[in-house]
Amino acid sequence: MNAFVIEAHALAKTFGATRALAGIDLAVQRGEAVAIMGASGSGKTTLLHVLAGITAPDAGSVTFHPSAGGPVEVTALGESARSRLRRERFGFVFQQGLLIPELTAVENVALASMINGVAKKDAIPHAASWLAALGLAGMEDRRIGELSGGQAQRVAIARAQATGAEIVFADEPTGALDSHTSAEVMDALLWSTTGQGRTLVVVTHDADVAARCTRTVAVRDGRVVSSAVDA
Ligand SMILES: Nc1ncnc2c1ncn2[C@@H]1O[C@H](COP(=O)(O)OP(=O)(O)OP(=O)(O)O)[C@@H](O)[C@H]1O
Ligand SMILES: [Mg+2]
């Protein structure tokens with residue numbers, strides 16, 4: 001098994017006249033929690049989206065090394081293959097959105113597995129067990145609007161995990177939360193990823209969040225300016 005789970009080389013991406021990524025190399029080890037930090041507009045979200053196969057770069061490559069099977073060159077895949085890879089192998093936790101307000105907590109989590117072909121009768125108890133593991137027992141049947149921001153983020157974390165994602169990509173998952181709730185959401189995010197041998201790549205403005213990761217990658221003007229292992 002390759003020690004790296006994601007390897008990116010010479011990534012470049014331009015939007016009109018804006019160079020969002022100006023040549024990025026990044027290798028993420030299996031089981032790492034990598035924080036990506038940098039000023040607004042420095043290219044963090046673009047980098048996350050390119051690593052996760054949401055956005056295709058103009059140049060450069062991203063290779064995913066699954067725990068079983070050979071390497072997958074994400075940047076060589078077409079749209080539908082990338083969408084399948086994201087659905088089956090990756091998990092996503094964003095600042096907001098992504099959860100379906102009309103569905104309950106347990107339905108939101110189960111839906112991700114059901115889209116991947118798991119029967120509802122199996123998906124629901126599996127989803128409920130993830131919710132319970134993340135401290136949300138008793139809240140399975142609440143709609144998203146009936147949860148606090150931190151609880152909703154834990155539903156999103158459960159949903160990212162229920163499909164067995166090897167890597168979770170998070171974009172400012174604590175951006176809308178107070179510091180206490182933010183710490184709880186990070187507990188949940190780290191426990192469910194690196195705590196289970198999975199990998200986390202998290203974009204954050206929050207130094208406390210970054211300090212809890214194993215490594216911080218600093219981005220400026222679409223380039224990596226430093227990559228330091230956290231103490
Ligand atoms: N779809 C798009 N169309 C045009 N320009 C874009 C697009 N996405 C990003 N950009 C531009 O690319 C640059 C990098 O954007 P990106 O969203 O990656 O920044 P960021 O580091 O995530 O910023 P923030 O901290 O504010 O979220 C910015 O100048 C942004 O305006
Ligand atoms: Mg961003």
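Reckoned from all heavy atoms, side chains included, excluding hydrogens, waters and symmetry mates.
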Any [X] side-chain heavy atom under 4.5 Å of [Y] side chain:
X    : Y    : answer
L189 : P173 : yes
I100 : L111 : yes
D187 : R212 : yes
D141 : V106 : yes
M37  : T204 : yes
L131 : M139 : no
D25  : V224 : no
R198 : V168 : no

Taking all heavy atoms of [X] and all of [Y], pick out the closest pair and write down the distance.
X    : Y    : value
A17  : T14  : C-CG2, 4.5 Å
G53  : V74  : CA-CG1, 3.8 Å
F94  : Q153 : O-NE2, 2.9 Å
L147 : A152 : CB-N, 4.1 Å
L177 : G149 : CD2-C, 3.6 Å
A33  : C213 : O-CB, 3.2 Å

Practice problem: Keeping to residues at least two apart or across chains, list the ring-ring contact (aromatic ring centres under 6.0 Å, His included) pairs with something in residues 167-191. | Solution: F90-F169, F92-F169, W130-W191
Practice problem: Could you note down all residue pairs passing ring-ring contact (aromatic ring centres under 6.0 Å, His included) where residues 133-165 supplies at least one of them, sequence neighbours left out? | Solution: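 Output for this query is empty, none listed.
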Does [X] reach the main-chain N or O of [Y] with its side chain, forming a donor-acceptor pair under 3.5 Å?
X    : Y    : result
T63  : V72  : no
R154 : L134 : yes
E166 : S67  : yes

Answer with yes or no whether the hydrophobic clustering places [X] together with [Y]; edges join I, L, V, M, F, W, Y residues whose side-chain heavy atoms lie under 4.5 Å apart.
X    : Y    : result
L48  : F64  : yes
V93  : V202 : yes
L99  : V185 : no
V155 : M186 : no
L85  : L47  : yes

Quiz item: Can T181 and S148 be said to form a side-chain contact (heavy atoms from CB on, under 4.5 Å), step by step?
Solution: CA-CA 10 Å; T181 311; S148 71; 5.6 Å; no
Atom [atom1] in [X], atom [atom2] in [Y]: separation rounded to 0.5 Å?
X    : Y    : atom1 : atom2 : answer
L200 : S192 : CG    : OG    : 8.0 Å
R89  : T163 : CZ    : OG1   : 10.0 Å
H9   : T75  : NE2   : OG1   : 10.0 Å
L26  : L51  : CG    : CG    : 6.0 Å
E102 : N108 : CD    : CG    : 9.5 Å
H49  : I54  : NE2   : CD1   : 4.5 Å

Quiz item: Can you name the residues that form a salt bridge (Lys or Arg N to Asp or Glu O under 4.0 Å) with E140, not counting sequence neighbours?
Solution: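 None.
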Exercise. Given side-chain contact (heavy atoms from CB on, under 4.5 Å), test T193 with Q161 step by step and report yes or no.
Key: CA-CA 8 Å; T193 53; Q161 295 305 333; 3.3 Å; yes
Exercise. Could you tell me whether D221 atom CG has more than 12 heavy atoms of other residues or ligands within 6.0 Å of it?
Key: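 Counting neighbours around CG of D221, 12 or fewer heavy atoms of other residues, nucleotides or ligands fall under 6.0 Å, so no.
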Quiz item: Can you find a side-chain donor-acceptor pair between R215 and S227 that sits under 3.5 Å?
Solution: yes
Quiz item: Got a sec, which pairs hit salt bridge (charged side-chain N to carboxylate O under 4.0 Å, His left out) with one end in residues 38-47, sequence neighbours left out?
Solution: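 Those involving residues 38-47 do not exist here.
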Quiz item: In chain order, what residues pass the side-chain hydrogen bond (donor to acceptor under 3.5 Å, both in side chains) check against R19, with sequence neighbours excluded?
Solution: none
Quiz prompt | Residues that S129 engages under side-chain hydrogen bond (donor to acceptor under 3.5 Å, both in side chains), provided they are two or more places apart | solution = none
Exercise. Give the C-alpha distance, both sets of side-chain angles, the deciding distance and a yes or no for side-chain contact (heavy atoms from CB on, under 4.5 Å) between E79 and S83.
Key: CA-CA 6 Å; E79 190 81 44; S83 139; 5.8 Å; no
